[in-house]
Amino acid sequence: MKVISFYLPQYHEIPENNDAWGKGFTEWNNVRKSVPLFWGHNQPRIPFHDNYYNLLDNEVLKWQAKLAKKAGIYGFCFYHYWFEGRMVLEKPVENLLKETNISIKFCFAWANESWTKTWHGAGGNREILIAQTYGRVEEWEKHYQYFSCFFRDKRYIKENNCPMLLVYRLRNIPRFNDMIRYWNNRAKQDGFSGLFLVSMNVCREHIEKSRWVDATVDFEPNKTKSEKLMVDSQLKVNKNRRFLWNRFAMKFISYDEINNRMIQKVHNKNQFRTVFVDYDDSPRRSIRGIIIKGSNPAKFGKYLRANIKKSREEGNKYIFINAWNEWGEGNYLEPDKKYKYAYLNEVRKSVK
């Protein structure tokens, strides 16, 4: 089983974040300022050895790659932000491309949403800092040329000589069939057999019937928690949850409940499963956060093994983990002060 972990590159300064949030802003700012909101709340999350790293330091990438490979992780899936040639948070993966001695497989997930000042999912108006647009052939060519430098790297993940590319909201692209057709042709011109396009399955947002879509991946826990919250809102069956929402402006969901829902869903060939570590976005959203309660390394390992077993039965060789380092969502494999290397050890035991 090839385990691919989603990777957030927002741990270094960029002008866009400095302008929006203040000089020196990185994801660590949210993590450091977090406070417990109720008795037993696991906040703030503190990296092991207080390792608030800077991703512009290539030694960090080397450390992460070594740690991931030791745990049996096949590769990282880097979030990619592209706005018709303008990029943000691109430096870490570009440094990885240059550092050929860092031995880790990798691919891209194009997070094709506008760059906003309001965190994804937060209430209120969202101030758009960079609008997500797509252009036409000239812009598609420019984007492909950027990708091609990475596709040609022997570490880039390929399926049957096709570079793997995930797209977050494929439905949002007005002419996605034309664009993907163009990219497939360009990939063939570069000596590949085309692209291996993976539509990310976010609650009712993915596309899998297009001839250009080769696979899907569930983006968890976002997909299942969104489905559950919609059902709860429509049925209004849980008075206790409504009370907590009204009093504390936050919502709680059971880690076991979400995972049991995920396991029960039928998947076919090339419909990849995702297992998530934990979820608590209160560092970003404060008292309006969504908190999934009950995660620990043993439970994570149990559900990871169950999903690996299901994936093998379904004929799939890839499984995704969310995430390597989403510290602002409490969703990370990297060692912290509370559990140290326990989550990574569960990955190692599950894929051996």
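Along the sequence shown, the residues carry numbers beginning at 1. None of the values given here were measured: they were computed from a predicted structure.
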For a side-chain contact (heavy atoms from CB on, under 4.5 Å) with Leu55, tell me which candidate from Lys91, Gln64, Gln10 qualifies.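 The side-chain contact (heavy atoms from CB on, under 4.5 Å) with Leu55 is passed solely by Gln64 among Lys91, Gln64, Gln10.
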What is the ring orientation for His143 with Trp82, classed by angle as parallel under 30°, tilted 30 to 60°, or perpendicular over 60°?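 Aromatic pair His143/Trp82 classed parallel.
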Using the six-membered ring wherever Trp is involved, compare the ring planes of Phe106 and Tyr156 and label them parallel, tilted or perpendicular (cut-offs 30° and 60°).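 Perpendicular: the ring planes of Phe106 and Tyr156 meet at over 60°.
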Could you check whether [X] pairs with [Y] (Lys NZ or Arg NE/NH1/NH2 to Asp/Glu carboxylate O, under 4.0 Å)?
X      : Y      : value
Glu346 : Lys299 : no
Glu13  : Lys23  : yes
Glu314 : Lys310 : no
Glu326 : Arg284 : yes
Lys338 : Asp336 : no
Arg86  : Glu16  : yes
Lys251 : Asp281 : no
Lys62  : Glu59  : yes

Examine [X] together with [Y] and report whether their ring centres are nearer than 6.0 Å.
X      : Y      : answer
Tyr255 : Phe300 : no
Phe38  : Phe252 : yes
Tyr52  : Tyr11  : no
Trp115 : Tyr81  : yes
Phe150 : Phe108 : yes
Tyr134 : Trp140 : no
Phe219 : Phe6   : yes

When hydrophobic residues are tied together by side-chain contacts of less than 4.5 Å, even through go-betweens, does Val3 share a cluster with Ile263?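 Yes, because Val3 and Ile263 connect within a single hydrophobic cluster, where side-chain heavy atoms sit under 4.5 Å apart.
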Hey, is the main chain of [Y] close enough, under 3.5 Å, to the side chain of [X] for a donor-acceptor pair?
X      : Y      : answer
Asn322 : Phe276 : no
Thr274 : Asp218 : yes
Asn184 : Ile180 : yes
Asn270 : Thr216 : no

Do we get Lys158 above Phe151's six-membered ring, with its NZ or CZ under 6.0 Å from the centre and within 45° of the axis?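 Judged by the rule (NZ or CZ under 6.0 Å from the ring centre, within 45° of its axis), Lys158 is not positioned above Phe151.
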Is the cationic atom of Lys337 (NZ for Lys, CZ for Arg) positioned less than 6.0 Å from the six-membered ring centroid of Phe48 and within 45 degrees of its normal?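 Here Lys337 fails the 6.0 Å and 45° test against Phe48.
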Is there side-chain contact between Asn259 and Lys302, with heavy atoms separated by less than 4.5 Å?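 Not touching, per the 4.5 Å side-chain cut-off.
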Do the non-hydrogen side-chain atoms of Cys107 and Leu165 ever get within less than 4.5 Å of each other?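 Counting from C-beta outward, Cys107 and Leu165 never come under 4.5 Å.
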Can you confirm whether Lys269 is buried at NZ, in the sense that more than 12 heavy atoms of other residues, nucleotides or ligands lie under 6.0 Å from that atom?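 For Lys269, atom NZ is crowded (more than 12 foreign heavy atoms under 6.0 Å).
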Among Glu220, Arg312, Arg273, His267, side chain to side chain donor-acceptor pair (under 3.5 Å) partner for Asn307: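 Among Glu220, Arg312, Arg273, His267, the one meeting side chain to side chain donor-acceptor pair (under 3.5 Å) with Asn307 is Arg273.
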Excluding sequence neighbours, so at least two apart, what forms salt bridge (charged side-chain N to carboxylate O under 4.0 Å, His left out) with Lys154?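 Partners of Lys154 under the salt bridge (charged side-chain N to carboxylate O under 4.0 Å, His left out) test: none.
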Quick one: list whatever passes salt bridge (charged side-chain N to carboxylate O under 4.0 Å, His left out) with Glu99, sequence neighbours left out.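 Partners of Glu99 under the salt bridge (charged side-chain N to carboxylate O under 4.0 Å, His left out) test: none.
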side-chain hydrogen bond (donor to acceptor under 3.5 Å, both in side chains) between Glu90 and Tyr146, worked out: CA-CA 11 Å; Glu90 76 282 1; Tyr146 181 80; over 6 Å; no
